[in-house]
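Letters A, B, ... mirror the listed sequences (proteins, then strands); counts begin at 1.
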2 protein chains.
Amino acid sequence: MSASIGDVAQLAGVSVATVSRAIRGLPNVSPSTRDRVLRAAEQLQYSAHPHASRLAAGHTMTVGMAVPVLTQWFFAQVVAGAEGVLAASGYDVLLYSVPDNHAKQRFVDRMPFSKRVDGLIAVDLLFVSSEFERLTAQPVPLVTVGTSHDGAPSVTIDNVDGAVKATRHLVNLGHRRIGLITHHQPHALPFAAPLQRRRGYELVLAEAGITVRENLIAPGNLMAAARRVAPLETAQGSSRRGSLALQGGAEAMAQLLTVDRPPTAVFAESDEMAVGALKTVRDAGLHVPGDVSIIGFDDHDMAAYCDLTTVAQPVQQQGETAAALLVEHMHDDTGMRETTSVVLPTKIVVRATTGPHRSGRADIAAVP
Amino acid sequence: MSASIGDVAQLAGVSVATVSRAIRGLPNVSPSTRDRVLRAAEQLQYSAHPHASRLAAGHTMTVGMAVPVLTQWFFAQVVAGAEGVLAASGYDVLLYSVPDNHAKQRFVDRMPFSKRVDGLIAVDLLFVSSEFERLTAQPVPLVTVGTSHDGAPSVTIDNVDGAVKATRHLVNLGHRRIGLITHHQPHALPFAAPLQRRRGYELVLAEAGITVRENLIAPGNLMAAARRVAPLETAQGSSRRGSLALQGGAEAMAQLLTVDRPPTAVFAESDEMAVGALKTVRDAGLHVPGDVSIIGFDDHDMAAYCDLTTVAQPVQQQGETAAALLVEHMHDDTGMRETTSVVLPTKIVVRATTGPHRSGRADIAAVP
DNA sequence: CTGAAAGCGCTTACAG
DNA sequence: CTGAAAGCGCTTACAG
């Protein structure tokens, strides 16, 4: 079929051991020999059979990457980011989609023992402790993005802080009746992004002396429908729902417009929901930001187009950082697995959908 | 580290050969022996080392998938579709991003000879004949999606026909001045989707006795910017540009609104451009479809949300079909590579952005 | 139905 | 600096 190391050895008149060394750039090969080998290899279009070298050398030069679903904006970005740095370091990426708990179970059961990867990146996968233990009880290093577990390096953003920025922006514009469109999932774990973002919202209201009103908080996640499409509990579900989030945001906003004194500003936990909300407001004949200010979260591709004010998070960079961390760990043979957790910064991007509260500081004055 | 086939053999009291056969469900193993082996394997949490079995068996059980860039909607969908059926057939997917000509060159040079995959799927990659020959001059089967080359199975859609449907829809609504927002790339090959879609447009105008007017055709591709982001010439660039397309569509529409007698209907070669166009029209204070009808192409996630009339193409299904075709070819040891090319159907989805020409059949009456 | 042995194509001590 | 040989963990004829 194609040339083997033996063919090259024969052509170059050396042993296969020497070919192996010459080609991999190992020391202890005389320049002239190396030259001859390289020329022979070139001539035969030789490249090492990866499975053979991996078997012999004991490493695979590939890393496994598990994501809930590739079709969602966030995940595709993260994978792309990781793939870039992994490729640059000579690693192939093996893709695993883990759309539901069954797939997660299978991933946890099989992956660590399948010996086919040198490292693992898990994006937005919430592992219960038994799963996580199983995953780390073996020599393949793991780094998580979007979630963090004690015992593995992780890459995340500070969701509370991001939400604080968003809410504070609205408060500083004079708003007092501030709505929240959430993507809280029923049984989500405590550190899930939706809960964290809600927490930031509540923190700022408290610090501004504004009472949290339940009727100003609307779920934008269309639970039944979302569950059908993406049955897996993910940590940052908010940013990842695809077009359902548009619709969910639209409906949540519609609900907010029915309450007694509707909000003059709304923080949506994701840009997609924010864009949906935008539509509802405009369809209702109201103006943004004249009547209602809206701020999102993510800096999704659509955000710039819609002139949406938002809290930007670096998405591709989360993949890149995770990959860099992983590469470092794979090269680190000391076996000691220090658990770096890097928290990437968010930053507010003010565009055209937020503005000062209409009645100036009226509302504020109304509150003692 | 983890159990090997030898450990299982020892525990079960049989030879490794028998373990191998029992575990892979080969015939010629007595039920009781098989049972004992399976139990032992279970107990040791044994799973075969993939590199070893692949080396020995001569196949890799993985397929390589090359896409221009994973971050674009279309490509992520296609990969997800393919990954699904590949996983179901027991294949892993190795991801290659081929964002520019340099990467393409490297892919063509190395991939086929790297012996690391049993098959290849190339999405939207335009190969010149020398590249294509190199790719097919080896035993690894290739299937292309979005492009088709003589000599390899492919899955595509009929872009001409899709565009015919779109344009005919507008003509049937009584429109005569029909604009086109193109995504034609300067040096694109003849079969590239943008050209095909344009061809469909021209075909229908001709059949309706309407002259093609150059000033009603506007490029929506923001060439300089697009080139910076995605330097590779792709076949169906129109559908894949991300947010640039939104902006490009918006600008193209703005241009169309400046001509002497502006179009009463516009066919945009992609939904993203159509959505951009929608914005321009509304920002100008005009109504859709009252003043201008707009139809897109793709049935992108955003289309339903925007109530955009469009020509839907099955996107995930293109990945699924390609994967199924490839699996079939990989299982086919006859070596004869019949070149099935499957063309998936498009279908028009009428929503709220197209409507009858305002002045009824006036325009039509004006033309003999 | 089962086992002993060769072989897949490399890498890596070990000698020299 | 270079080579002979063992070994990585499986699979696959070949015997029996």
Side-chain angles (χ1 to χ4, degrees), chain A residues 1-38 40-41 44-62 90 92 113-118 138-140 333, chain B residues 1-38 40-41 44-62 90 92 113-118 139 333:
Chain A
M1 208 167 292
S2 59
S4 78
I5 198 172
D7 301 329
V8 179
Q10 193 175 325
L11 214 192
V14 297
S15 72
V16 295
T18 300
V19 172
S20 176
R21 287 190 281 253
I23 282 187
R24 288 177 301 147
L26 260 36
N28 297 336
V29 180
S30 76
S32 71
T33 305
R34 186 185 304 279
D35 246 43
R36 211 147 17 98
V37 170
L38 260 27
L44 297 174
Q45 289 196 128
Y46 169 75
S47 74
H49 186 134
H51 295 311
S53 27
R54 286 157 190 193
L55 216 209
H59 56 243
T60 67
M61 289 311 284
T62 111
D92 288 334
F113 304 97
S114 76
K115 305 148 193 157
R116 78 186 68 190
V117 298
D118 291 341
Q138 38 76 246
V140 173
D333 286 333
Chain B
M1 210 166 291
S2 58
S4 78
I5 197 173
D7 301 329
V8 178
Q10 194 176 323
L11 214 190
V14 297
S15 72
V16 296
T18 299
V19 173
S20 176
R21 287 190 281 254
I23 283 187
R24 288 177 300 147
L26 261 37
N28 296 336
V29 180
S30 76
S32 71
T33 306
R34 187 186 302 281
D35 246 42
R36 211 146 19 97
V37 170
L38 260 28
L44 297 174
Q45 289 195 128
Y46 170 75
S47 74
H49 186 134
H51 294 312
S53 27
R54 286 157 190 194
L55 216 208
H59 56 243
T60 68
M61 290 309 285
T62 111
D92 288 333
F113 303 97
S114 76
K115 305 147 195 159
R116 79 184 68 190
V117 297
D118 291 342
D333 285 333

With [X] via side-chain hydrogen bond (donor to acceptor under 3.5 Å, both in side chains) - residues at least two apart:
{"X": "A/Thr18", "answer": "A/Ser15"}
{"X": "A/Ser4", "answer": "none"}
{"X": "B/Thr60", "answer": "B/Asp118"}

- Neighbours of DNA chain D within residues 20-30 of chain A, by heavy-atom distance under 4.0 Å: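 A/Arg21, A/Asn28, A/Val29, A/Ser30 - these, ordered by number, are the residues of the stretch whose heavy atoms sit under 4.0 Å from the strand.
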Applying side-chain contact (heavy atoms from CB on, under 4.5 Å), can you list everything that pairs with [X], at least two apart in sequence or on another chain?
{"X": "A/Ala57", "answer": "A/His59"}
{"X": "A/Val29", "answer": "A/Arg21, A/Ala22, A/Thr33, A/Arg34"}
{"X": "B/Ala52", "answer": "A/Leu55, B/His49"}
{"X": "A/Leu11", "answer": "A/Ala40, A/Gln43, A/Leu44"}

- Side chains of A/Tyr46 and A/Asp7: closer than 4.5 Å at any heavy-atom pair?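 No, too far: nothing below the 4.5 Å cut-off.
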- Message: So which atom in B/Val37 and which in B/Ile23 form the shortest heavy-atom distance, rounded to 0.1 Å?
- Response: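 Between these two residues, the closest heavy atoms are CG1-CG1, 4.1 Å.
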- For A/Val16 and for B/His51, find the nucleotide of DNA chain D with the closest heavy atom, then tell me which residue's nucleotide is more 5'.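 Its nearest nucleotide being more 5', the pick is A/Val16.
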- Task: Would you kindly compare A/Thr33 and B/Ser4 by the position of their nearest DNA chain D nucleotide and give the one closer to the 5′ end?
- Result: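 It is A/Thr33, whose closest nucleotide lies nearer the 5' terminus.
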- Message: Distance under 4.0 Å to a non-hydrogen atom of chain B counts as contact; along DNA chain C, which nucleotides mark the start and end?
- Response: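 The contacted stretch runs from C/dC1 to C/dC10.
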- Item | Rounded distance [0.5 Å steps], OG in A/Ser20 versus CG in A/Leu26 |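 It comes to 7.0 Å.
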- Task: Identify all stems in which DNA chain C takes part, counting only runs of at least 3 consecutive pairs (Watson-Crick or G-U wobble, each distance under 3.5 Å), and give each as one range with another, ordered by first number.
- Result: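 Runs of three or more consecutive pairs: C:1-3 with D:14-16, C:5-12 with D:5-12, C:14-16 with D:1-3.
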- Which pairs, with at least one residue in residues 49-58 of chain A and sequence neighbours excluded, count as a salt bridge (Lys or Arg N to Asp or Glu O under 4.0 Å)?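 For residues 49-58 of chain A, and leaving out neighbouring residues, the salt bridge (Lys or Arg N to Asp or Glu O under 4.0 Å) pairs sorted by first residue read A/Arg54-A/Asp92.
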- Looking at DNA chain C, which of residues 8-15 of chain A put a heavy atom within less than 4.0 Å of it?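 Residues of residues 8-15 of chain A that come under 4.0 Å of DNA chain C do not exist, since none gets that close.
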- Across the strands shown, which category fits B/Ala17 at heavy-atom distances under 4.0 angstrom: base, sugar-phosphate, nothing?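 If one applies the 4.0 Å heavy-atom cut-off, B/Ala17 turns out to touch a base.
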- Message: Hydrogens and angles aside, do B/Ser32 and B/Arg36 bring a side-chain donor and acceptor to less than 3.5 Å of each other?
- Response: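 No, no side-chain donor-acceptor pair sits under 3.5 Å.
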